[in-house]
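Chain A is the first sequence line, chain B the second, and so forth, proteins listed ahead of strands; every chain is numbered from 1.
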Amino acid sequence: MNLYKYVSDEINKILGFDVGLETPKNRDFGDFATNAAMVGAKAAGKNPHELANEIVPKLQELNFIENVTVAGPGFINLKIKDDFILNNAHAPEHIATQHTLNLDLDYGSYNIGKALHIGHLRPIVVGDTFNRIAKFVGHNTKLYNHVGDWGRPMGLIIAWILEYGMPKNANEFNKIYPASTARAKEDESWLNNAREITAQLQSGNKEYTKIYNEFIPISMSQMNETVQRLNVLPFDSIMGERGVSEYIPETQKILENTKILEQSDGALVINVRNDNDNAPMPPLIFKTNTGANSYAAADLAAIYYRNKTDKPDEIIYFTDSRQTLHFEQLFRAVKIANITTAKLTHVGFGTITGKDGKPFKTRDGDVASLSDILDTAETAVQERVAESKKHLNDKIIQQIALSAVKFNDLIHDVKSDYIFDVNAITSFEGRTGPYILYTAVRLQSVLNRSNDVKITKPEHHNLTTEERNLLIQIMDFEHMILNAFENRAPDMLANYTYDLCQLANNFYHNCPILRDDINPEIKAGRLYISKMTFDTLATAINLMGLEIPSEM
RNA sequence: GCGUCCAUGGCUCAAUUGGAUAGAGCAUCUGACUACGGAUCAGAAGGUUGAGGGUUCGAAUCCUUCUGGACGCGCCA
């Protein structure tokens, strides 16, 4: 049961108007509180306490209410009956919403030429979890990986290959783009050559296409390998810039029909400025002066394509917040040309930084690759396991390491930068992924040991404070997950899960379950609560794309 | 220069989107029935929420000025 919604609905019904229901930070006040008396006082011409005293008797009639009190400046605090909590708490199930939305989610954005690096971590991890959340609350999603496989980097790579030959493996391939970029910085003719090659590739040059088709698979298979380690759901479409470029002519026609394409210094641009803009708003470049398609053209064509094939209600992009201006321009252009009526959303991430507050680099000063980061975490787990003289297999070590990296990523507010401190996330003490998994493993261990006891809902069970708090948290899952979806904020899920684990460990310590001196009735009640807790935790862990190890 | 975002104990992050006594983790100190699994749990200490002003019953949250930082501002993606 969604306790919050139930209580809120019942109160609104009995009072005849909608009140704002809150859960007090301090549990001593009660399970729920409303500020209705304070909000309504002025309009009613009464003081908050007077008004509160009129409301209280009505609320006392509700059969699930233990007591109602007025406190502070006029808060009305409610306490829910224990029996009601025990009888209505259950582990979360998929939610069937009345308004199922078709959502196109865009994240990942591999770049051909560059191995996946730390900058890909957040979009993929957060995007994946958001996808799982969206499905959990009843929406349809389609996952797009808008691969960067058609822009200037292709020209730079081809130019290099023309001179030095085809790379033999992924490692060799990875060196090409940085080398060619460095050369372009010093040598303008090299850059111009690459730009020219890019334009010709895009218009079908056979020689370049042949080279292109050879290195693309090398790069893609390497990136797919890395992503598989992240345990994320597969993309539905990896149609990248090249794939959507097929739709650029149709998109261009729409833009021409609406007469918004303009010539400017040899380029084709769309003016997206607004009269009340007080910020610089450069035009969106559709085609460059060499005739190459810009990334904006690919983005426009992608929206055109998705609108046609998916009829999405909303397209959500998960990228670095440095692209905010680009998406603002893009969304304006879409609106002007009326390419789709779908809502367009950009979720912009902060940067992952080192301790110095600058973008995270390895000790050598290079951008850390995603696989390096996972390797580092796995090594740290291995050391930790060795210290504690345990023996865990490779799979478990990977599961624990991944939980450390992903949970740390998910728990941060997406908008803000966060510091990637290898030591902190691999110490595994406190608020970490391993803590979450450990809690689940212990609960599972208790459940496994209780084979002879049937786990059913007890007729009656006197709740301890720990049990009560835990059950209320479980009953808050649905409310939380709906909020996480609405706010595009998977960090709400991560924070909730951590709180759940704290309460679960609290319960575990203070409420012995299988010990011999515990009577069978209490044992049954606590097993019931343990099972529900485990199921809730397992759901949360699954939504974060993590796995519960068989032991730890 | 213009714009966007940010600033919360020594450190890393929360705060139900305007609610009550600002909560956790790390680090520090003290403890836990001879471990239903100690990667755990309990307690102590640590705060004028960057600074000033304003809005109202009520501000970390909204407005404003300032300070400090990150990022962005036409042919890169």
Side-chain angles (χ1 to χ4, degrees), chain A residues 4 20-26 28-29 33 35 38-39 41-42 47-48 71-75 77 109 111 146 148 151-153 181 195 241 264-269 277-290 292 294-296 298-299 319-326 328 348 350-351 353 355 357-359 381 384-385 387-388 390 400 408 411-413 415-419 421 423-425 427-432 434-435 437-439 441-442 445-446 449-450 476 479-480 483 487 491-492 495 498-499 502 505-506 508-510 512-516 518 526 530 551-552:
Chain A
Y4 176 90
L21 191 68
E22 308 168 356
T23 59
K25 281 180 216 162
N26 188 340
D28 296 340
F29 288 124
N35 56 15
M38 275 135 59
V39 173
K42 200 172 260 181
N47 77 48
F75 288 102
N77 294 318
S109 300
N111 293 310
H146 190 70
R152 182 180 305 167
T181 306
R195 291 186 68 200
E241 294 175 346
S264 173
D265 298 333
L268 271 183
V269 307
D277 276 334
N278 47 5
M281 185 53 65
L284 181 121
I285 291 166
F286 191 76
K287 272 188 197 295
T288 71
N289 58 15
T290 56
S294 74
Y295 55 92
D299 278 331
T319 80
D320 195 297
S321 62
R322 280 175 284 205
Q323 294 187 40
T324 301
L325 178 59
H326 162 64
E328 175 65 24
T351 312
T353 72
K355 279 186 174 173
K358 292 185 177 145
V381 173
R384 183 80 179 79
V385 169
E387 276 168 26
S388 55
K390 288 176 183 170
I400 296 171
N408 177 60
I411 202 160
H412 290 90
D413 176 11
K415 287 190 298 295
S416 53
D417 296 350
Y418 80 80
I419 295 176
D421 180 348
N423 294 328
I425 75 153
S427 77
F428 308 141
E429 308 262 312
R431 204 186 52 164
T432 63
Y435 173 83
L437 298 187
Y438 182 71
T439 307
V441 168
R442 270 164 130 199
S445 171
V446 169
R449 282 165 190 269
S450 66
D476 195 41
H479 182 228
M480 174 281 299
N483 271 331
N487 292 298
D491 57 292
M492 285 182 169
N495 277 301
Y498 177 66
D499 292 342
Q502 280 199 314
N505 281 317
N506 204 311
Y508 180 89
H509 262 268
N510 292 299
I513 305 163
L514 299 176
R515 230 166 52 187
D516 292 343
I518 303 299
R526 288 181 179 170
S530 301
E551 57 173 334
M552 263 180 93

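Ring stacking holds between A:Phe75 and B:rA20, with the centres under 5.5 Å apart and the planes within 30 degrees of each other. Residue A:Phe29 and nucleotide B:rA20 are classified as a stacked aromatic pair, their ring centres being separated by less than 5.5 Å at an interplanar angle below 30°. Stacking here means ring centres nearer than 5.5 Å and ring planes tilted less than 30 degrees, and by that measure A:Tyr438 does not stack onto B:rU40.
Donor-acceptor pairing under 3.5 Å is lacking for the side chains of A:Tyr438 and A:Asn505. A:Asn495 and A:Asp499 form no side-chain donor-acceptor contact under 3.5 Å, judged by distance and modelled atom types alone. A side-chain donor-acceptor contact under 3.5 Å links A:Asp299 and A:His146. Side-chain contact check for A:Thr351 and A:Thr353: no donor-acceptor pair (N or O, by modelled atom type) lies under 3.5 Å.
With respect to the salt-bridge test (charged N to carboxylate O, under 4.0 angstrom), the residues A:Arg384 and A:Glu429 qualify.
No contact: A:Met281 has no heavy atom under 4.0 Å from any strand. A:Glu551 comes within contact range of at least one nucleobase, with a heavy-atom separation under 4.0 Å.
Between A:Asn26 atom CG and B:rA15 atom C1' the separation is 13 Å, expressed in whole Å. The distance from atom CD1 of A:Ile419 to atom P of B:rU8 is 10 Å, rounded to the nearest whole Å. If you measure from atom CD1 of A:Ile518 to atom C1' of B:rC36, you get 10 Å, rounded to the nearest angstrom. In this structure, the CG atom of A:Asn495 is 11 Å from the C1' atom of B:rG25, given to the nearest Å. In this structure, A:Asn77 places its CG atom 15 Å from P of B:rG19, rounding to the nearest Å.
Closest of all the heavy-atom pairs between A:Ser264 and A:Val269 is CB-CG2, 3.9 Å.
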inquiry  = Let's test your reading of the pairing rules: Watson-Crick or G-U wobble, both distances under 3.5 Å, then write RNA chain B as a dot-bracket string with ( ), [ ], | and dots.
reply    = (((((.(..((((.....[...)))).(((((.......))))).....(((((..]....)))))).)))))....
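For B:rC5, the OP1/OP2 oxygens have no side-chain nitrogen or oxygen of A:Arg322 closer than 4.0 Å. For the pair A:Asn505 and B:rC41, the criterion of a side-chain N or O lying under 4.0 Å from OP1 or OP2 is met.
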